[in-house]
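One structure is given below, encoded as structure tokens.
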Amino acid sequence: MAHPAKHLNCENCESRGKGIFCDLEEHPLREVGQHKVTNTYKKGQILFYQGNPPFGLYCINNGKIKVTKTGTDGKESIVRLAGGGDVLGHRSLFSNENYTATATVMEDTTVCFLDKKYIFQAIENEPSIALNIIRKLSREMGSAESKNAAMFQKNVRERLAELFLSLMKSYGVKEGKRTRLDIKLTREEIASMIGTASETVIRFITEFRDEGLIEQEGKTIYVINEEKLLEFANLNY
Amino acid sequence: MKRITRKLSDQELAELERHFGSFEFHNAFDLVYEDQIPNTGVIVLAGEAVLTRKKRIFDRIERGTLYGIYELLNNEPVRHGCKVRDNAKVILLKKTDLKDLSNEDSLLSKILS
């Protein structure tokens, strides 16, 4: 079941500094607030489906969302993880194409929806919004290029180490000398993110644990040796 | 805006479609989950859309029936979710469209008032 979120003012949004509206003054920000619809979605609920037409933009206030692509063989792979301050649906909205991926909520997530007409009006009135969208798109393109290159230039061990470092950067919570990855991913999901089989992921996770890079408690992964993980990721080429 | 319970005529639907355009959903999709504020109002043109509650189908939304507009404009949650079936064709009425219409004295605003 989804719930309407307690009405959130854009001025007090916890992701304000990271979002596309971060440069707006109080008045235009209030205007955004009058056009948005805010809801809290539960785990497993879908924001949009691959193949369906876009009709607005989703700004994530907090929580976690996975963006997946389903191949012709029916296999699903995670192409991106999104959290507070991220925007979803913009690529299809501006390219006027149907969604090329599905956005699924991974845990309770509060999302603000803004319709297409308003977004286009707002961009015309406030060019800083367009600039922030371009910044986000550029970062996403850079990350997609790196991921694509890694698929060809790196082996699975290196890709897995790099993924843990990236998860640490986005979802790491320092707990004493170790860092907890505050995101629960199944072995299959991890495998789909680095383009390998889940059996291979399990084998390398065991190796990383034996080498003292990570620790596991149930489904939670802790990074205990970041330096060594950096070595394993071979980030120098 | 009041809740609109009457069904729109074919002529009214044609006028709304001409103005707002329509969307075809190739994959079945929960446009609105129960107890959620709808992102858009919905009018079914063709195909099937259903009302859901606790993952069960509660009722069918008939062609020309307005869904979720009152809740959208008043930031209120809907009691029943709305799921569109494969290849359903709908008009989606967005908050900005409705706000703009409320400032107009047109046939469209009369249809939706």
Side-chain angles (χ1 to χ4, degrees), chain A residues 1-9 31-59 70 88-89 92-93 96-105 108-122 124-125, chain B residues 19-43 45 47 49 52-56 58 68-103:
Chain A
M1 189 197 293
H3 298 284
K6 207 167 63 181
H7 191 75
L8 292 167
N9 289 325
E31 177 98 349
V32 174
Q34 283 168 5
H35 283 84
K36 71 184 169 72
V37 176
T38 308
N39 280 299
T40 297
Y41 292 80
K42 291 281 180 196
K43 183 180 173 179
Q45 292 186 329
I46 309 279
L47 293 189
F48 54 80
Y49 262 111
Q50 184 172 341
N52 279 349
F55 49 93
L57 199 68
Y58 298 86
C59 300
T70 307
L88 289 176
S92 296
L93 191 74
N96 221 7
E97 292 169 349
N98 283 355
Y99 289 120
T100 53
T102 299
T104 310
V105 171
D108 277 12
T109 296
T110 304
V111 177
C112 296
F113 172 84
L114 286 155
D115 63 70
K116 185 177 180 173
K117 189 175 180 180
Y118 176 70
I119 285 293
F120 280 79
Q121 278 174 7
E124 267 181 36
N125 297 333
Chain B
H19 191 85
F20 296 114
S22 56
F23 290 81
E24 258 188 85
F25 288 90
H26 301 297
N27 300 311
F29 173 54
D30 287 284
L31 258 177
V32 189
Y33 291 100
E34 65 191 68
D35 300 324
Q36 190 181 23
I37 302 165
N39 289 332
T40 69
V42 184
I43 305 171
L45 290 173
T52 58
R53 179 102 195 146
K54 294 187 174 149
K55 292 184 180 170
R56 286 191 179 167
F58 184 78
I69 292 173
Y70 174 88
E71 289 84 356
L72 172 63
L73 286 175
N74 293 287
N75 275 325
E76 281 183 18
V78 288
R79 186 167 150 70
H80 297 99
C82 170
K83 190 183 187 107
V84 288
R85 302 285 204 192
D86 297 9
N87 302 317
K89 189 179 178 189
V90 297
I91 296 172
L92 297 178
L93 298 166
K94 277 82 77 188
K95 211 172 197 176
T96 309
D97 293 327
L98 295 168
K99 277 179 186 284
D100 289 351
L101 270 184
S102 63
N103 301 324

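For clarity, every value in this text was computed on a predicted model and none was experimentally measured. Order of the sequence lines sets the chain letters (A, B, ...), proteins ahead of strands, with each chain counted from 1.
- Separation of atoms CG (L47(A)) and CZ (F29(B)) is listed at 7.5 Å; rounding is to 0.5 Å.
- Neither the backbone nor the side chain of L114(A) comes within less than 4.5 Å of any heavy atom in chain B.
- Expressed to the nearest 0.5 Å, how far CG of N98(A) lies from CZ of F23(B) amounts to 10.0 Å.
- Your options are K117(A), Q34(A), Q50(A), and the one with the most heavy-atom pairs under 4.5 Å with chain B is K117(A).
- With a 4.5 Å cut-off on side-chain heavy atoms, Q45(A) and D30(B) do not count as touching.
- Contact check for Y99(A) versus N27(B): no side-chain heavy atoms found under the 4.5 Å cut-off.
- Interface remark: F120(A) contributes no atoms to any contact with chain B (heavy atom separation under 4.5 Å).
- Between the CZ atom in F25(B) and the CZ atom in F55(A) there is a gap of 5.0 Å [rounded to 0.5 Å].
- Within the model, atoms NZ of K42(A) and CG of D35(B) stand 11.0 Å from one another, a figure rounded to the nearest 0.5 Å.
- Remark: H26(B) NE2 to Y49(A) OH distance equals 15.0 Å, nearest 0.5 Å.
- Of the listed residues (K116(A), H35(A), Q121(A)), the greatest number of heavy-atom pairs within a distance under 4.5 Å of chain B belongs to H35(A).
- Residue D115(A) forms a side chain to side chain contact (heavy atoms under 4.5 Å, CB included) with just one option from L92(B), N39(B), T96(B), and that option is T96(B).
- The CD1 atom of I37(B) sits 9.0 Å away from atom NZ of K36(A), with the distance rounded to the nearest 0.5 Å.
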